[in-house]
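Let me begin by presenting the structure, written as structure tokens, before commenting on it.
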Amino acid sequence: MADWSRENLKKDMEKAPATGKSVAVVGGGPAGLTAAGELARKGYDVTVFEALQKAGGVLVYGIPEFRLPKKIVQAEVDRLTRAGVRIETDSIVGRTWTLDELRQKFDAVFISNGAGLPVFMNVPGESLKGVYSANEYLTRVNLMGAYKFPECDTPIIRGKRVCVVGGGNVAMDAVRTAKRLGAEEAIIIYRRGKAEMPARVEEVHHAEAEGIRFEMLTAPLEVVGDENNWVRGLKCQKMELGEPDASGRRRPVPVAGSEYVIDCDVIVVAIGTRANPLLTATCPEMKLNPKGNIIVDENGMTSIPGVFAGGDIVRGAATVILAMGDGKRAAAAIDNYLKK
Ligand SMILES: Cc1cc2nc3c(=O)[nH]c(=O)nc-3n(C[C@H](O)[C@H](O)[C@H](O)COP(=O)(O)OP(=O)(O)OC[C@H]3O[C@@H](n4cnc5c(N)ncnc54)[C@H](O)[C@@H]3O)c2cc1C
């Protein structure tokens, strides 16, 4: 229905009369774009500040084209700009602009800068050439078009054998991308069993259908390199499942003497992301939880009056629909706040 309506109705947004008030949105992902649209509809003058050269957030730099065609995201962004939303790309709040500058210029601010800071394995050899975070790997391909290199400026190492560490949806996207970049073998390395994988069943099913190899109950110990510091393998250890841990999933326990090396030339680390401190580090008065996520009240307002937040920066890595819901709720809360 959404596809049909986008292609056939082509209806522009109906807007309330201008309120004369303005709102800054930090981050052009699903949370920020949804808030921007709702606020524009309510008659606010909205500017989105986006760090990258394109709006869309994970929808453009993370989720691959084969799962979400970028023209769909672009159509949504175009609809917003037609409704008068300004999108300032290449604008990093916390660097290009400070939050205080935005607070002085705008009547309210919505922060939705996501949770894009990659978590690494912390094993020896992780800084060798050929190790990518899933974020970097997917951004190079999706946003920067590295699959077209040298036509495109951004290169990517096209490994013959690519190991992707992790068992979530991001790992599935990365491993299927590696296969499309021409890897003869693309391998998932996951320390628990299939039943414990956080990826959705259909994502695992698609990966299997595309010939992805799954090395289950396997944990990385060390990245092995050659004399020129290029990745040549991943030293792993077999695991068995013990008692359930705090997450309710059975804990992986190392099997003594089971170490072995998987030959590979590219390793992609997809074991999670955290809140990026780039913005929050510049506003010490903003209350954060121990993981660095912004704390908000029941209206989505942060500890700074007039500054709201939502999406992954509040929840930690979650989902598109939850981020969009936060954007909608924040727009309603900002509307209430500014009316008062
Ligand atoms: C590879 C991958 C696949 C996924 N697949 C799915 C899926 O299939 N289904 C699903 O529901 N969820 C999926 N998710 C999760 C989902 O994409 C996120 O939960 C969602 O995008 C969060 O939205 P957000 O708006 O909070 O943040 P983001 O989408 O991360 O957007 C944040 C935006 O803020 C910008 N930004 C960051 N810092 C600053 C700054 N200081 N100043 C200005 N701009 C800044 C970023 O460049 C980015 O554009 C996936 C995530 C990844 C990484």
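Remember, it's 1-based here, ligands and their atoms both numbered in the order they're listed.
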Hey, can you pull the donor-acceptor pairs under 3.5 Å for the side chains in residues 147-160, sequence neighbours left out?
from : atom 1 : to   : atom 2 : distance (Å)
R158 : NH1    : L181 : O      : 3.1
R158 : NH2    : Y147 : O      : 2.8

Does ligand 1 have any N/O atom under 3.5 Å from a protein N/O, and what are those pairs and their distances?
from     : atom 1 : to   : atom 2 : distance (Å)
ligand 1 : 5 (N)  : R67  : NH2    : 3.1
ligand 1 : 8 (O)  : R67  : NH1    : 2.8
ligand 1 : 8 (O)  : R67  : NH2    : 3.2
ligand 1 : 11 (O) : V320 : N      : 2.9
ligand 1 : 19 (O) : D312 : OD1    : 3.0
ligand 1 : 19 (O) : D312 : OD2    : 3.0
ligand 1 : 19 (O) : A318 : O      : 3.1
ligand 1 : 19 (O) : T319 : N      : 3.3
ligand 1 : 25 (O) : P30  : N      : 3.3
ligand 1 : 25 (O) : A31  : N      : 3.0
ligand 1 : 26 (O) : D312 : N      : 2.8
ligand 1 : 29 (O) : V58  : N      : 3.0
ligand 1 : 41 (N) : V93  : O      : 2.9
ligand 1 : 42 (N) : V93  : N      : 2.9
ligand 1 : 44 (N) : A51  : N      : 3.1
ligand 1 : 47 (O) : E50  : OE2    : 2.6
ligand 1 : 49 (O) : E50  : OE1    : 2.6
ligand 1 : 49 (O) : E50  : OE2    : 3.1

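- Following chains of ILVMFWY side-chain contacts shorter than 4.5 Å, one can reach I212 starting from V266, so the two form part of one hydrophobic cluster.
- V165 and L217 fall into different hydrophobic clusters, where Ile, Leu, Val, Met, Phe, Trp and Tyr side chains are chained together by heavy-atom contacts under 4.5 Å.
- Ion pair K105/E101 not flagged as a salt bridge, since none of the NZ, NE, NH1 or NH2 atoms sits closer than 4.0 Å to an Asp/Glu carboxylate oxygen.
- Summarising the hydrophobic clusters (Ile, Leu, Val, Met, Phe, Trp, Tyr; side-chain heavy atoms under 4.5 Å, direct or chained), the residues clustered with L288 are V26, F49, V93, W97, L99, L102, F106, V109, I111, L279, M286, I294, V296, I304, V307, I313, V314.
- Remark: Y190 engages no residue in a ring-ring contact (aromatic ring centres under 6.0 Å, His included) (not counting sequence neighbours).
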